[in-house]
Structures are given as structure tokens and as C-alpha cells.
Amino acid sequence: MKRNTILAIIAIALLAIGFGPYLLLLLPIIPIAYFIIKRKERTEVPRVTYATVEETKQRYGEPDDVVVLDASRANEIPALILFYPNRDLAIIAGEELKLSSLMSVMPKNMATPYTVDEYAVIIGTNDPLRPTIELRVGYGAVLASEIAAQIDTYIHQNGD
């Protein structure tokens, strides 16, 4: 047996001695929960992600439009949104999503009373695994609004 398994069994036995038989009633729940979590991990659909712009272009070709989230990192995939409306596809911060799954977009001031106002663009989707996507865009309210407007045009083009 593995060392961790043996230590867990010893810990459970000591707890059972210390807390009595009531703890033993809870013991069957632990393996059941463990197997449910492991099964969920195995059945979860892996997300398609890209590390570089070149990798994305090699697979899908030139995008129809590119939205730059951070101008200082304009050649890095985490700072870009690539749109392929003919394929119903958007690569958002390196992650592949269907354009038809995008529902709404809005700029948001993410400041707290203790921080400087940093803005984000929040994208709502109908994907149950990823209901919202938060993209930090820096300190410009106008930039956040412009980015949200660019994304919104693709959401409405796809919806019509």
C-alpha cells in the first residue's frame, strides 16, 4: 500500500477511537465522494487552448478580425481575441469558444475601495462549464467600452 493510504487509515482509526462509533457511520461517504469526483474529472470535456497566434493561424488561417486587449502584449495570444465568424468560432485569450455561445458583453470597473480602477470586459456565455469570461483590459474606461463594442458586434451578427 502507499504510504499516504496507510497514514489515512491510521488517522481514521484514531479518530474512530476518539470520537466513537458515530464517525464510523460517515466513513462510507468518503470513498463514494472520491469516486464521484474522479468520474467527473474523467468525463469532463477538455478545453481546446492555444499557446501562440501562429498555432491558431496554422489551424484556422487568418482571422476575420482581431481585438487587442492589451496593446503592450499585442502579439501574445492571452491578450487577443480572434474571430472566425464563418466557422462560428472565437479564440478568446487562447481558449476556443463558439461564437453562438456568447450571449452578452459589458465593460466593468473592477476597482475596490483599496485599489486603482482597473477595467475588465465581462462576457456572458450559455456554456454551463464557463458561464462568464473576465478579460482584464487595463486602466482605460474608454478602451474597455470600445473592446466591449467590438465584441458585441460579433455577438449580434451571430444572433441575427
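Minimum heavy-atom separation, L99 to A90: CD2-CB, 3.9 Å. When all heavy atoms are compared, the tightest approach of L82 to T56 is CD1-CG2, 3.6 Å. Contact detail for A148 and M106: the closest heavy-atom pair is CB-C, 4.3 Å.
Separating the CG atom in L102 from the NE2 atom in H156 is a distance of 11.5 Å, to the nearest 0.5 Å. If you take CD on E54 and CD1 on I77, they are separated by 8.5 Å, rounding to the nearest 0.5 Å. We find the CD1-OG distance between I155 and S104 to be 6.5 Å, quoted to the nearest 0.5 Å. Between atom CD1 of residue I151 and atom CG of residue L135 there is a gap of 6.5 Å, rounded to the nearest 0.5 Å. With rounding to the nearest 0.5 Å, the separation of CG in N109 from OH in Y119 is 4.0 Å. The CG atom of D65 sits 7.0 Å away from the OG1 atom of T153 when rounded to the nearest 0.5 Å.
Counting only heavy atoms from C-beta outward, the side chains of P63 and K57 approach each other to under 4.5 Å. Using a 4.5 Å cut-off on side-chain heavy atoms (C-beta onward), I122 and I133 make no contact. You'll find the side chain of I92 stays beyond 4.5 Å of the side chain of L80, heavy atoms only. Contact annotation: the side chain of I81 approaches that of L69 to within less than 4.5 Å [non-hydrogen atoms, C-beta and beyond].
Taking the charged nitrogens against the carboxylate oxygens, R136 and E134 do have a contact shorter than 4.0 Å, which makes a salt bridge.
At distances below 3.5 Å, at least one donor-acceptor pair connects side-chain atoms of T125 with backbone N or O atoms of R130.
Every residue meeting the side-chain contact (heavy atoms from CB on, under 4.5 Å) condition with M103, not counting sequence neighbours, appears here in chain and number order: N126.
Below 30°, between 30° and 60°, or above 60°: for Y60 and Y84 the angle between ring planes is between 30° and 60°, a tilted geometry.
The hydrophobic cluster containing I9 does not contain L7, counting ILVMFWY residues as joined when their side-chain heavy atoms lie under 4.5 angstrom apart, directly or transitively. Criterion: ILVMFWY side-chain heavy atoms under 4.5 Å apart, direct or through other members. Under it, V66 and L89 are part of a common hydrophobic cluster.
Counting only N and O atoms by type, the side chains of D88 and S100 include a donor and acceptor under 3.5 Å apart.
No option in D152, V137, L143 other than V137 meets the side chain to side chain contact (heavy atoms under 4.5 Å, CB included) test with V121.
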